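Not measured: the values here are computed from a predicted model. Chain A is the first sequence line, chain B the second, and so forth, proteins listed ahead of strands; every chain is numbered from 1.
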Amino acid sequence: MPADSDFSKIAVEPPRDAAHGDIATNAAMVLARPAGLKPRDLAEQIAKLLREEDEIEGVEVAGPGFINIRLAPLFWPQVLHGVLEAGRDFGRCRLGTAQKVNVEYVSANPTGPMHVGHCRGAVFGDALANLLDFAGFEVTREYYINDAGAQVDVLARSAYLRYREALGEEIGAIPEGLYPGDYLKPVGAALAAEFGDSLTGHPEEAWLETVRERAIAAMMEMIRDDLAALNVRHDVFFSERSLVRGEGDRIGALIAELGRDGLVYEGRLDPPKGKLPEDWEDREQTLFRAREFGDDSDRPLLKSDGSYTYFAADIAYHADKFRRGFADMIDVWGADHGGYVKRMQAAVKAVSGGEGALDVKLVQLVKLYRGGEPVKMSKRSGTFVTLRDVVDEVGRDPVRFMMLYRKNDAPLDFDFQKVTEQSRDNPVFYVQYAHARISSVLRNAAEELGAEAVSAANLRAAPLERLDDAAELTLIRRMAEWPRLVEQAALAHEPHRVAFYLYELSSDFHGLWNRGKDSPQLRFIRKDDTSLTFARLALIQCTASILAAGLDILGVEAVEEM
RNA sequence: GGUCCCGUAGCUCAGCUGGAUAGAGCAGCGGACUUCUAAUCCGCAGGUCGCAGGUUCGAAUCCUGCCGGGAUCGCCA
């Protein structure tokens, strides 16, 4: 074999089809050319060597040159020892080797309650963070508070109006352009209680900042409550305003820094192709050289009124993340921000000297339905659905599982009726039911055979080699996939894989359960054969551990009865 | 017009980063409840993986070009 052969394309993995053995490899096909042999001939040579191994029971060459390996019969039951030992920690790995990673998600404007549109990103980000944690990364969960733009001033004016209302003034209809929601009434009342009428009779400059601060704090409190209802949490709430307040103007400092590196210039931008925006004016502006880092265009840092663009602030924010030690950053955004990805990645490269990496996960829109009919939403008519509405109506677990039972970049139809009334359509119950059934068997076993029958020590001592039914082995093989699945899902930043895996694991379990209905000798609890019973209790205890661990990653409760 | 995402069974979607005969659920048809919980299970039927090229031992997967759907396109966030 030539020394410079490419071994990187060789895969050694469990095949999809169990008929192809326990482990399969494509090594012979990959190496046939450099070795100057036909794939099947090379495969035979490798197979011959493998057959000498003790733990290998059989080796076959199949298809175009696959080498299929069958392991000794005792191999699979041995897997359960690892699960029994580790319990819910089985599958935890050191993939991240304590590497720091920052996951930013939700980051909704603090101007009102969480909208249902925020729901998916929130759940996705939260589950992704859980997954990375499980895979051994040191995860920080972050929320970027957009508290510096014009819309928080609008919020302040809206709250001020409610404040005057709370003082007894007749305010009439909420003017166009202000937030009309009732949720600002308590904010107005709190302001009245704190300040009396001392904020009235002054120009806006006198009260705006005070009111804004109180209003933002109130909104963030509301948002945290909403997130808590969804079982979503963050470690850090990072204020955009803090970038220009306190320690000085960090956005300006950063622009100056980029300027010293020659990455900022005054120039003109080509107008967009196609239809021109109505208010387009061709003017000289301050631009970041995003094109040097793979973007399609250079990007403005200052608005026409001289204030910073959102992008400028976001650069400073990501630079701050990098300086806090996060070379790995993940942002979770709505799909409508897709056009923003390249410039942000360009900015991260620029501020990190190429050391930082940003992965942006775009979450597609959720379309709401009720009994097949689209739910129409409009803020003006007050018919928009809040995150809290959804959680209250269908429950936290179904919402979370549904949001995760889909790849992040695929659109999602969410039908209230399907998720509640026809609950069998919802896979969350299928998985939870599997866990509940196992809990039920373990309870029965403890009752009939005594509590020590289900003790950890007893299960560890069980004769696992007696698990030889095809359905039992299928279940064990599935469990053996778990660590690998965790690793790959974490690497791909795809928590939905965990959800699909749990469904399959549950399916294997339900199948086994029902075999016990047809053939009583396959029941888990066999009073005539306690040692076999112990082995089977160990088997399902392991299944429950993995179900619980996976559900924990998804942020869904592993219920013990239904 | 540029950029990004999507196109797989009647419907909703997976497909382990290039592997063997493309898989689930729902809907349809036929079966299993004196139960360790039927919110479950078993079987049948259902496919030009949008189209056409290319890369190689091998493509739903990678590349190019079309077709169709969605998002976005200086200063909003």
Side-chain angles (χ1 to χ4, degrees), chain A residues 9 11 13-17 19-20 24 26 29-30 32-33 38-39 62-66 68 107-109 146 149-151 240 268-275 277 279-283 285 287 295-305 307 309-311 313-314 334-342 362 364-365 405-407 409-413 418 422-427 429-430 432-434 436-438 440-445 448 481 484-485 488-489 491-492 494 496-497 500-501 503-504 506-507 510-518 520 523-526 536 540 561-562:
Chain A
K9 288 187 145 184
E13 53 193 2
R16 281 181 192 158
D17 188 343
H20 294 135
N26 60 357
M29 290 178 291
V30 175
R33 177 171 294 199
K38 288 182 187 167
F66 286 100
N68 295 333
S107 300
N109 293 338
N146 301 130
Q151 75 282 18
E240 178 184 359
R268 288 175 192 282
L269 224 43
D270 289 335
K273 293 267 165 57
K275 201 180 160 205
D279 58 347
W280 174 268
E281 49 172 321
D282 184 22
R283 65 173 180 88
Q285 48 189 341
L287 299 169
D295 199 0
D296 313 301
S297 168
D298 292 337
R299 304 292 178 180
L301 297 170
L302 298 180
K303 298 184 201 171
S304 47
D305 67 357
S307 63
T309 60
Y310 179 80
F311 180 50
D314 224 357
D336 53 340
H337 291 64
Y340 202 76
V341 174
K342 281 188 180 178
L362 295 178
Q364 271 291 348
L365 300 177
Y405 199 63
R406 189 120 319 177
K407 215 161 52 180
D409 55 8
L412 170 58
D413 293 339
K418 272 193 181 168
Q422 304 172 13
S423 56
R424 50 182 76 195
D425 275 359
N426 191 326
F429 296 109
Y430 187 83
Q432 286 181 318
Y433 186 36
R437 271 182 154 173
I438 293 172
S440 171
V441 175
L442 294 174
R443 279 194 301 269
N444 288 334
E448 293 182 25
E481 289 174 22
R484 195 172 129 85
L485 183 119
Q488 290 179 331
L491 277 176
E494 289 183 348
H496 77 274
R497 294 192 194 189
F500 281 94
Y501 171 85
Y503 189 90
E504 285 165 359
S506 300
S507 173
H510 286 310
L512 178 59
W513 169 288
N514 274 79
R515 295 204 57 192
K517 281 163 61 80
D518 299 336
R523 294 197 173 196
F524 301 121
I525 299 175
R526 288 269 308 272
R536 288 181 176 163
I540 62 172
E561 47 188 321
M562 293 179 74

Exercise. Have a look at R283(A) and say if it touches a base, only the backbone sugar-phosphate, or nothing, with a 4.0 Å heavy-atom cut-off.
Key: base
Quiz item: Do you know which two heavy atoms are closest between D282(A) and L269(A), and how far apart they sit?
Solution: OD1-O, 4.2 Å
Quiz item: What nucleic acid atoms does Q432(A) come within less than 4.0 Å of, heavy atoms only: base, sugar-phosphate, or nothing?
Solution: nothing
Quiz item: So what does R443(A) touch, heavy atoms closer than 4.0 Å: a base, only the sugar-phosphate, or nothing?
Solution: nothing
Quiz item: Under 4.0 Å: is that the gap between some side-chain N or O of Q151(A) and OP1 or OP2 of A77(B)?
Solution: yes
Practice problem: Look at atom CZ of R33(A) and say whether more than 12 heavy atoms of other residues, nucleotides or ligands are closer to it than 6.0 Å. | Solution: no
Practice problem: Specify whether Y405(A) and Y503(A) have parallel, tilted or perpendicular ring planes, treating 30° as the upper limit for parallel and 60° as the lower limit for perpendicular. | Solution: tilted
Quiz item: What's the spacing between Q285(A) CD and R268(A) CZ if we round to 0.5 Å?
Solution: 9.5 Å
Quiz item: With nearest nucleotides of RNA chain B determined for A335(A) and Y340(A) from heavy-atom distances, which residue corresponds to the more 5′ nucleotide?
Solution: A335(A)
Practice problem: Determine if the base of U61(B) is syn or anti; take syn to mean the glycosidic torsion is within 90° of 0. | Solution: anti
Quiz item: Does A20(B) have F66(A) stacked on its base, where the ring centres are within less than 5.5 Å and the planes differ by under 30°?
Solution: yes
Exercise. Under 4.0 Å between any heavy atoms, over every strand shown, what does K407(A) touch: base, sugar-phosphate, or nothing? Just pick one.
Key: sugar-phosphate
Self-check item: Comparing P411(A) and P15(A) on RNA chain B - which has the more 5′ nearest nucleotide
Solution: P411(A)
Practice problem: Have a look at R523(A) and say if it touches a base, only the backbone sugar-phosphate, or nothing, with a 4.0 Å heavy-atom cut-off. | Solution: base
